[in-house]
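Chain A is the first sequence line, chain B the second, and so forth, proteins listed ahead of strands; every chain is numbered from 1. Worth saying up front: this structure is predicted, and the values here are computed from it rather than measured. Reckoned from all heavy atoms, side chains included, excluding hydrogens, waters and symmetry mates.
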Amino acid sequence: MSSPQLDKTYNPKAVEQQWGAYWAEHKLFQPRPTEESESYSIVIPPPNVTGSLHIGHALNHTLQDILIRWKRMQGLTTLWLPGTDHAGIATQNVVERQLQAEGLGRDDLGRAAFIERVWKWKEQSGNTILAQIQQLGASCDWDRLRFTMDEGLSRAVREVFVRLYEEGLIYRGERLINWCPRCLTALSDIEVEHEDIKGTLYHIRYALTDDPEIYLTVATTRPETLLGDTAVAVHPEDPRYQQFIGKQVKLPLTTRSIPIVADSILVDREFGTGAVKITPAHDFNDFEAGERHGLPSLTILDYKARIDPLGLKNAMVDADILALLSLKSVEDARPIVTEALKQRDLLIQEEDHPMALGKCYRCKTVVEPYLSPQWFVKTAPLAAPAIEAVETGAIRIIPDGWKNNYLGWMRNIKDWCISRQIWWGHQIPAWYCRTCNKEHLLETGHAVGTTAEEGILTEPIRMSCFITSDAKPIVSKTDPTVCPQCGGSDVFQDPDVLDTWFSSALWPFSTLGWPEQTPDLKTFYPTSTLVTGLDILFFWVARMIMMGIKFTGQVPFRDVYIHALVRDAEGQKMSKSKGNVIDPLTKMSQYGTDALRFTLASMASPGRDIKLAEERIEGYRNFATKIWNAGRFIQLYADGAKAAVPPASRPFPDQWILSRLNHCIREVNQALENYRFDQATSHLYQFIWHEYCDWFIELAKPSLQQEHHPDGPVTRQTLVESFEIIQRLLHPVMPFITEEIWQSFPHEGMSIMTQPFPTEHPGWTNSQAEHDYALLQGFVTTTRTGRALLNIPATAPLTIWGTTTNPVETANLQKLQPYIESILRSTLQLTPTATWPSAHILQLVNGNLTVGIPIESNLDLQQVVKKVKKQVEAKHKEYSRLQDRVASPTFREKAEPSVIQESEARLTNLRQELDLLTSSEQQLANMLT
RNA sequence: GGGCGAUUAGCUCAGUGGGAGAGCGCUGCCUUCACACGGCAGAGGCCACUGGUUCGAUCCCAGUAUCGCCCA
């Protein structure tokens, strides 16, 4: 079977397109189950359906594809399952922005029409990212593509919800949650990002109700919320405040009095004045303190984080203040409140105070703690086995430095707020009977999430907030039509949807067909490896572990490989607003996909963020070209190869390169076993370029290029054979170029991707050949250094003199003579130095080698002398340091015998080298005079 | 405030209880029939700082400084 010749230059674009289509057409990414083989599976971290491929995806997918291609070639039944995530809030925001551009809001469309619109958008843009993932070469089984809101996954979501509810692990309750006043929905704790800002600490006077002359000074960073205070807290053991505990203070700007309570948890005696206000409805710590002390909660902000006039009225705020503050934002309200305090001489002091501000992870709006009825997952019982799984090693986290991070978070896990007041997502499978819940549905009047004057609604009720936490839901796998309690048919579904991460948590098993016991689930679950970034360790990984164990009784994956974040060359996080985004697609078309993949893999060192510099991609593009040209060269000599000959019967360069190839195979496999993609690529690069191309091909040239050279046929065989193995070894990282090269050589089989991955050959490792190579390389580089030093062009044929310090090495050198002569294009005289025409020779020393290079009489030797002097100095320094050590009695007494032996041997060698160098220095000096 | 990590050549980063490494960049030479996206040679580093452990520390330990991340 003959194949077309390789083009002169590598054209990644055409090659990638061709083979991408070929792989897809022949469905080569599908698992090929065989009776015996074990399985290897990865589920993709589903990218957002509306997203486009960014560099983080490129890294994530490249690493997964390397693993998958590697395991597939190893013969395992391999599945990489692709899919996308509906990404509730993020996607809804995108579509709402589109509507906004048309002058519409979601309420204008209504729920059904809005959701329809999002589906349309999903269909339109959802395939963009999939096409881009394919372009990257990702060998996912596209026939198994899933989406978090497709039918099967939705069934799994409902199954899980109902079962957790029935077990009491899902409940609804009125709690303080994080609320985004722009997205108008609850968020879970981890969906809040904290940002450090310069804040102000206000010291405010709270006078005793009984004795206005006496007052407490309360310190707060949020003075506007004092209107909702329901107590002041001091430390029970703080002598300053002992006498106040149990008394009442008059709350500034209101007609209310509130108690002074003792609380050792809330109060830090060192902070501020040691007295803090308690505002249960607007601060998480205060909420808990309120519960400890049975304090009421007064909500003074509405769902848009504006001052709620009705709330102020309930809080008995002075009428003039109420009028000033009504519907003001927090930002605007703060100066109004502080000004009012100042006027009443209640503001004592303002000081700078750094503080953390919580922001919505989707839109960066400042979030507010907000009291509202929400759905929660009771996490503690789910977390316990998830902690155990990692502790016992049933799940490995790699690198294991993140293990403690995971465990720490899991051990302190808070209940998970899973309801979102948006429309795009899995609607909560809970229904309410209007008849049975008459008193628990706030159809009119002031509900949380409304803005009202005197209880009259001015805006539509927000989503679920009108259903009080007392309402009794009907939670069911199938939609109920009648109320099981009263038989009435006036039931409606909870309008909230689930947190997008709820469905993601089921991903490893829901995508394989669960709750059905499908063959896929049997074959591929638990999955083998999860590859993800650190940023979603808690959002996703932790929850998958909890849900996986809970519902399948097995861990969802064996290994979790956590890769780094990709930053720009300056180490900054990439973001559109900074304009420092590196677009992987641009780079792929600029340098080739293989080059980008190799770059990302090479930078994936554990525990460190990746600063992506463009020069690296360029460098690996050059590497691809290098391989390409090696392929072109080999193709010139591919014909006339002899059938395989045992390595021992091959010439020295062949023996050497097979030994090195064997070494590289071992290193690459080992690196991949350990998820050291950086080491795998570095071994490949080093071996292919600096051993195979730089030396083997050069050493092979004489036997290839001289007609009828006796080694010709065998060398051709070695060349073709080793190059084919290299393609397979490199394939998982650089799938396109390796396929192209492999296909253009004679081959059997459809694709390189289904060929076996290289394994070590027991007979290939050859220490004698490696030793000889080191000798040869030493001789060649020493000669070249001398040539450069003497300004002799590399092309000029010379007579080079050479010898070693022992007969065995000299014999080895004689054996290598033809190879050295051809590489140096010179003639060798391998005789003892005594026989050299020393007056006209520069002697150079390298280990136990001495090389002599003829000197033109008219050459300026000053520079050469300088160089040799420098060398002598360096060697001498090393020598005396080593000598001191070897001579030290404590060293001789305490060091390992092998270390002593080695040091002594090195000392002897150094002595020899030093002697030789000194003599050559002397000889040069003589020539100068 | 708590935790974790980093600090090695101009830049980006490997690495090891006993002789400091790579890639890129830089300097010089070379268009020799696979490749100038190339070849050859070379310069460049008290391995952040201060102590400690050790016969011996860039590596282990403690502290300091700077930077980064996570959590509160």
Side-chain angles (χ1 to χ4, degrees), chain A residues 6 8-10 189-190 193-194 268 270-271 284-285 354-356 358 399 401-406 408-409 412 534-535 537-538 564-565 567 569-573 591-592 595 599 602-603 605-637 676 678-679 681-682 685-686 689-690 693-694 697-698 701 704-705 780-789 791-796 823-825 867 875 878-879 881-882 884-886 888-896 898-900 902-903 906-907 909-910:
Chain A
L6 296 176
K8 246 188 162 172
T9 51
Y10 176 55
D189 297 342
I190 50 177
E193 292 174 352
H194 294 275
D268 172 6
E270 309 299 318
F271 177 80
F284 288 98
N285 291 320
M355 54 186 278
W402 303 121
K403 191 169 143 182
N404 285 335
N405 222 3
Y406 167 88
W409 187 75
N412 278 303
L534 184 67
D535 48 336
L537 181 64
F538 304 142
L565 232 67
R567 300 171 175 278
E570 272 75 52
Q572 304 237 331
K573 210 166 172 171
Y591 300 110
T599 308
S602 75
M603 302 191 84
S605 299
R608 200 193 260 264
D609 280 347
I610 296 173
K611 285 185 207 167
L612 187 60
E614 184 148 354
E615 300 83 71
R616 288 289 292 263
I617 314 175
E618 200 184 330
Y620 294 123
R621 186 269 319 261
N622 297 352
F623 178 52
T625 307
K626 186 78 183 175
I627 296 164
W628 185 255
N629 281 297
R632 286 180 56 221
F633 174 80
I634 291 164
Q635 207 160 51
L636 289 175
Y637 300 102
R676 289 303 301 266
D678 57 329
Q679 292 178 347
T681 50
S682 141
Y685 186 92
Q686 183 63 30
W689 198 317
H690 297 307
C693 292
D694 285 354
I697 289 184
E698 294 307 318
K701 273 180 180 172
L704 297 172
Q705 295 175 335
V780 170
T781 55
T782 306
T783 306
R784 283 170 174 167
T785 305
R787 266 213 251 226
L789 215 51
N791 266 325
I792 303 170
T795 41
I823 269 195
L824 289 173
R825 292 159 203 254
K867 167 101 187 175
K875 289 282 174 202
E878 198 185 337
Y879 179 80
R881 208 172 47 195
L882 199 60
D884 286 352
R885 183 203 293 167
V886 170
S888 150
T890 45
F891 173 74
R892 304 202 72 86
E893 193 184 323
K894 303 204 174 179
E896 300 264 330
S898 65
V899 173
I900 299 175
E902 195 200 315
S903 297
R906 238 174 70 219
L907 194 66
N909 287 340
L910 271 174

query = For A/Glu902, which contact category applies under a 4.0 Å heavy-atom criterion: base, sugar-phosphate, or nothing?
reply = nothing
task = Give the nucleotide from the list B/U12, B/A34, B/G39 with an atom nearest to the side chain of A/Met603.
result = B/U12
query = For A/Asn404, which contact category applies under a 4.0 Å heavy-atom criterion: base, sugar-phosphate, or nothing?
reply = nothing
ask   = Between A/Tyr879 (OH) and B/G19 (P), how many Å, whole number?
value = 16 Å
ask   = Is A/Glu878 paired with A/Arg881 through a side-chain N to carboxylate O contact shorter than 4.0 Å?
value = no
key: Proximal nucleotide (of B/A34, B/G19, B/C37) relative to the A/Arg906 side chain   = B/G19
remark   = Between A/Val899 and A/Phe623, whichever has its closest RNA chain B nucleotide further toward 5' is A/Val899
inquiry  = Nearest whole Å is fine: how far is B/G18 P from A/Leu907 CG?
reply    = 18 Å
query = Quick one: A/Asn791 CG to B/G42 P, roughly how many Å, whole number?
reply = 14 Å
query = Any cation-pi pair here, A/Lys626 with A/Tyr685, using under 6.0 Å and within 45°?
reply = no
query = Does A/Asn622 make a side-chain N or O approach to OP1 or OP2 of B/G38 shorter than 4.0 Å?
reply = yes
key: Shortest side-chain distance from A/Arg881, nucleotide among B/A20, B/G18, B/G39   = B/A20
inquiry  = In whole Å, measure the gap between the C1' atoms of B/A14 and B/G51 for me.
reply    = 29 Å
remark   = Among B/C55, B/A41, B/A34, the one nearest any side-chain atom of A/Thr781 is B/A41
ask   = Between A/Trp409 and B/C4, does any side-chain N or O lie under 4.0 Å from OP1 or OP2?
value = no
key: Span that lies between the C1' atom of B/C55 and that of B/C47, in whole angstrom   = 22 Å
request  = With heavy atoms under 4.0 Å as the rule, sort A/Tyr620 into base, sugar-phosphate or nothing.
outcome  = nothing
inquiry  = Can you see if the side chain of A/Lys403 gets near the phosphate of B/C4 - specifically, an N or O under 4.0 Å from OP1 or OP2?
reply    = no
request  = Just call it for A/Arg621: base, sugar-phosphate, or nothing, with non-hydrogen atoms closer than 4.0 Å on any strand.
outcome  = base
B/U32 and B/G25, which share atom name P, separated by this distance in whole Å = 23 Å
inquiry  = Give me the distance, rounded to whole Å, that separates B/A22 from B/G1 when you measure between the C1' atoms they each carry.
reply    = 41 Å
ask   = Starting at CG of A/Asp535 and ending at P of B/G68, how long is that distance when rounded to a whole Å?
value = 19 Å
ask   = In whole angstrom, what separates A/Trp628's CH2 from B/G38's P?
value = 17 Å
ask   = NA contact type, A/Glu893, heavy-atom cut-off 4.0 Å: base, sugar-phosphate, or nothing?
value = nothing
message = Side-chain N or O of A/Gln679 versus OP1/OP2 of B/C13: is the shortest distance under 4.0 Å?
response = no
inquiry  = Measuring only the C1' atom in each nucleotide, how far is B/A34 from B/A20? A whole number of Å is fine.
reply    = 35 Å
query = Taking only N and O in the side chain of A/Ser605, is any of them less than 4.0 Å away from OP1 or OP2 of B/A14?
reply = yes
inquiry  = Please tell me if A/His690 has a side-chain N or O lying less than 4.0 Å from either OP1 or OP2 of B/G23.
reply    = yes
Side-chain N,O (A/His194) to OP1/OP2 (B/A72) below 4.0 Å = yes
task = Measure the shortest side-chain to side-chain distance between A/Phe633 and A/Cys693 over non-hydrogen atoms and say whether it is less than 4.5 angstrom.
result = no
key: Nearest-Å distance once atom P is located in both B/U54 and B/G44   = 37 Å
Spatial distance of atom OG1 (A/Thr782) from atom CG (A/Leu789) [nearest 0.5 Å] = 11.5 Å
query = Does the side chain of A/Ser888 get closer than 4.0 angstrom to OP1 or OP2 of B/G56 through an N or O atom?
reply = no
ask   = Mind checking the P distance from B/G17 to B/C35? Whole angstroms is fine.
value = 44 Å
query = Considering only B/G18, B/C24, B/C70, which nucleotide approaches the side chain of A/Phe891 most closely?
reply = B/G18
ask   = For RNA chain B, whose closest nucleotide is more 5', that of A/Leu882 or that of A/Leu534?
value = A/Leu882
query = For the pair made of CD in A/Glu615 and P in B/C37, what is the distance, rounded to whole Å?
reply = 16 Å
Between C1' of B/G3 and CH2 of A/Trp402, the distance in whole Å = 11 Å
query = Taking the side chain of A/Glu878 as its heavy atoms from C-beta onward, which of B/C37, B/A34, B/G19 lies nearest to it?
reply = B/G19
key: Integer angstrom distance from the P of B/U8 to that of B/C46   = 12 Å
query = Phosphate oxygens OP1/OP2 of B/G15: is one of them under 4.0 Å from a side-chain N or O of A/Arg676?
reply = yes
inquiry  = In whole Å, I'd like the distance from the CD1 atom of A/Ile697 to the P atom of B/G39.
reply    = 11 Å
message = Is it the case that the side chain of A/Arg892 and the backbone of A/Val886 share a donor-acceptor pair, with hydrogens and angles ignored and the cut-off at 3.5 Å?
response = yes
ask   = So, does the side chain of A/Arg616 form a donor-acceptor pair with the base of B/C24 at under 3.5 Å?
value = no
ask   = Looking across every strand, which nucleic acid part, if any, lies under 4.0 Å from A/Lys875 by heavy atom: base, sugar-phosphate, or nothing?
value = nothing
